[in-house]
Amino acid sequence: MNKKKIRCYLATAGGVIAGFFIFVIPFWFMLVNALKDRKEANRLSIAFPESIRLENFTEVIREQNYMLLRAYKNSFILAFFSIILLILFSSMAGYVLQRRSDRKMSVANTLILAGLMVPPAIMPTIWVLQALKLYKTMPGMVLIEVALHTPFTVMLYRGFMSSIPVELEDASYIDGCSGWKTFWTVVFPLLKPVSATVTILNAVSVFNDFMNPLYFLPGSKNVTLQLTLYSFIGQFSSSYNLLFADVILIVLPMLILFFLLNDRIVEGMTAGAVKG
């Protein structure tokens, strides 16, 4: 066995070990503590529980008049409409930015890159939402998420768009299709891999968003999944068993989505870089 193969095996083994410590052990820590009673969980030990308490999960669901179910509904609505708008507008923007190369597109590229670097301003955004009567509303929160994730999403679509042959569009124009019809009937169906990437990455980001709903969507009726963690941890006492059970229930939907779309994620992230 040559040195190159040995280095490859060592790098692979190192990656597996690092992944085990970074992902598997923290998840195991949360799981075992979610199955303990309050006293045992407050020790924050990684040991297996003396007695398994599955009722912790039902208790979390019943907490504060089934607040977790309202949070699931709000988070799913927020993620669904945010992703739909991101796919529609970012795919069109990425298409135009990739196919055109003039001064206007250079300015647009600069603005998009600035959106990746400049952090959002909380108070001015709240003032704008209040002026538009969108503060503390789901449509306003959807627009916030779309605005925050548009720059990165446009860059993904633009990179993937370079892997689509221009000749397909030329043939469509020859057949009499307009630019609008060409995009939706020829180009957009070919964007499924990157759309899957956009879906999982933005869904995880929106589901895990804690700060923005806290600022822009306050109120018990508008609670999202991450904000339910406040119910189980306080200044003077905490229920770590219920807290970790809540975290497990929050993580499960995105974990399932990740396993379903894992292959599409890799394909969508690498196609533009390899062929562009």
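When the side chains of ILVMFWY residues are joined at heavy-atom separations under 4.5 Å, either directly or via intervening members, V16 and F23 end up in two distinct hydrophobic clusters. With hydrophobic clusters built from ILVMFWY side chains whose heavy atoms lie under 4.5 angstrom apart, V186 does not share a cluster with I174. There is a path of hydrophobic side-chain contacts, each under 4.5 Å, that joins W180 to F89. With hydrophobic clusters built from ILVMFWY side chains whose heavy atoms lie under 4.5 angstrom apart, F27 shares a cluster with L54. Both M211 and V142 are assigned to one and the same hydrophobic cluster, defined by single-linkage of ILVMFWY side chains at heavy-atom distances under 4.5 Å.
No side-chain heavy atom of I83 sits less than 4.5 Å from a side-chain heavy atom of V206. Considering only heavy atoms from C-beta on, V223 stays 4.5 Å or farther from Y230 through its side chain. Side-chain contact between P213 and L227 is present, with at least one heavy-atom pair separated by less than 4.5 Å. Looking only at side-chain heavy atoms (C-beta outward), M67 and S220 stay at 4.5 Å or farther from each other. Contact of the I112 side chain with the L97 side chain is registered, since non-hydrogen atoms from C-beta on lie closer than 4.5 Å. Side-chain contact check for T137 versus L217: every heavy-atom pair is 4.5 Å or farther apart. Here the side chains of F29 and L44 are in contact, with some heavy-atom distance below 4.5 Å.
For the atom pair Q98 CD and Y157 OH, the distance stands at 14.5 Å (nearest 0.5 Å). S239 contributes atom OG, which lies 14.5 Å from atom NZ of K39 (distance to the nearest 0.5 angstrom). One distance of note links CD of E59 with CZ of R38; it measures 10.0 Å at 0.5 Å rounding. Atom-to-atom distance recorded for L10:CG and I17:CD1 is 9.5 Å, nearest 0.5 angstrom. Atom OG of S75 and atom CG of L225 lie 3.5 Å apart (nearest 0.5 Å).
Within 6.0 Å of OH in Y66 there are 12 or fewer heavy atoms belonging to other residues, nucleotides or ligands. Around atom OH of Y240, no more than 12 heavy atoms belonging to other residues, nucleotides or ligands sit under 6.0 Å away. Within 6.0 Å of CZ in F81 there are 12 or fewer heavy atoms belonging to other residues, nucleotides or ligands.
The closest donor-acceptor contact from the side chain of T197 to the backbone of P193 lies under 3.5 Å. No donor-acceptor pair under 3.5 Å is formed between the side chain of R53 and the backbone N or O of A34. Remark: side-chain polar atoms of D209 are not paired, donor with acceptor, to backbone N or O of T224 under 3.5 angstrom.
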- Message: Using side chain to side chain contact (heavy atoms under 4.5 Å, CB included), reason through F57 and L35 one step at a time and then give a plain yes or no.
- Response: CA-CA 9 Å; F57 293 95; L35 297 173; 3.7 Å; yes
- Task: List the steps, then state whether side chain to side chain contact (heavy atoms under 4.5 Å, CB included) holds for M30 with N33.
- Result: CA-CA 5 Å; M30 291 189 299; N33 282 286; over 6 Å; no
- Would you please test L190 and F160 for side chain to side chain contact (heavy atoms under 4.5 Å, CB included) and show each step? CA-CA 10 Å; L190 300 176; F160 187 87; 5.5 Å; no
- Please assess Y135 against Y215 for the test ring pair (Phe, Tyr, Trp, His ring centres under 6.0 Å), listing each intermediate value before the final yes or no. CA-CA 10 Å; Y135 185 56; Y215 290 135; over 10 Å; no
- Task: With ring pair (Phe, Tyr, Trp, His ring centres under 6.0 Å) as the test, would you mind laying out the steps for F207 and F76 before giving the verdict?
- Result: CA-CA 8 Å; F207 258 73; F76 273 115; 5.2 Å; yes
- Would F48 and W28 count as a side chain to side chain contact (heavy atoms under 4.5 Å, CB included) if you check the C-alpha gap in whole Å, the side-chain angles of each, and the deciding distance to 0.1 Å? CA-CA 9 Å; F48 198 78; W28 172 259; 3.8 Å; yes
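What you find for Y173 and T182 is that their closest heavy atoms are CE2-OG1, 3.4 Å. Taking all atoms of both residues into account, the shortest heavy-atom contact from L156 to V194 is O-CG2, 3.8 Å. Across every non-hydrogen atom of M105 and S101, the tightest pair is CG-N, 4.5 Å. Minimum interatomic distance between L148 and P151 (heavy atoms only, all atoms of both residues): O-CD, 3.8 Å. Residues P189 and K192 come closest through the heavy atom pair O-CG, 3.4 Å.
Aromatic ring orientation, F183 versus Y95: tilted (interplanar angle from 30° to 60°).
Under the 3.5 Å distance criterion, with hydrogens and angles disregarded, a donor-acceptor pair is assigned to the side chains of S205 and H149. Side chains of T153 and S90: a donor-acceptor N/O pair is absent below 3.5 angstrom, by distance only.
Under the salt bridge (Lys or Arg N to Asp or Glu O under 4.0 Å) criterion, the residue pairs touching residues 144-169 are R99-E169, with sequence neighbours excluded.
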Counting only pairs under 3.5 Å, give me each side-chain donor-acceptor contact of residues 114-133, with atom names and distances, residues two or more places apart or in other chains.
residue: T125; atom: OG1; partner: A121; partner atom: O; Å: 2.4

Pairs under 3.5 angstrom only: tabulate donor-acceptor contacts from the side chains of residues 241-248 to other protein residues two or more places apart or in another chain.
residue: N241; atom: ND2; partner: K36; partner atom: O; Å: 3.4
residue: D246; atom: OD2; partner: T228; partner atom: OG1; Å: 2.9

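Ion pair D102/R100 flagged as a salt bridge, since at least one NZ, NE, NH1 or NH2 atom sits closer than 4.0 Å to an Asp/Glu carboxylate oxygen.
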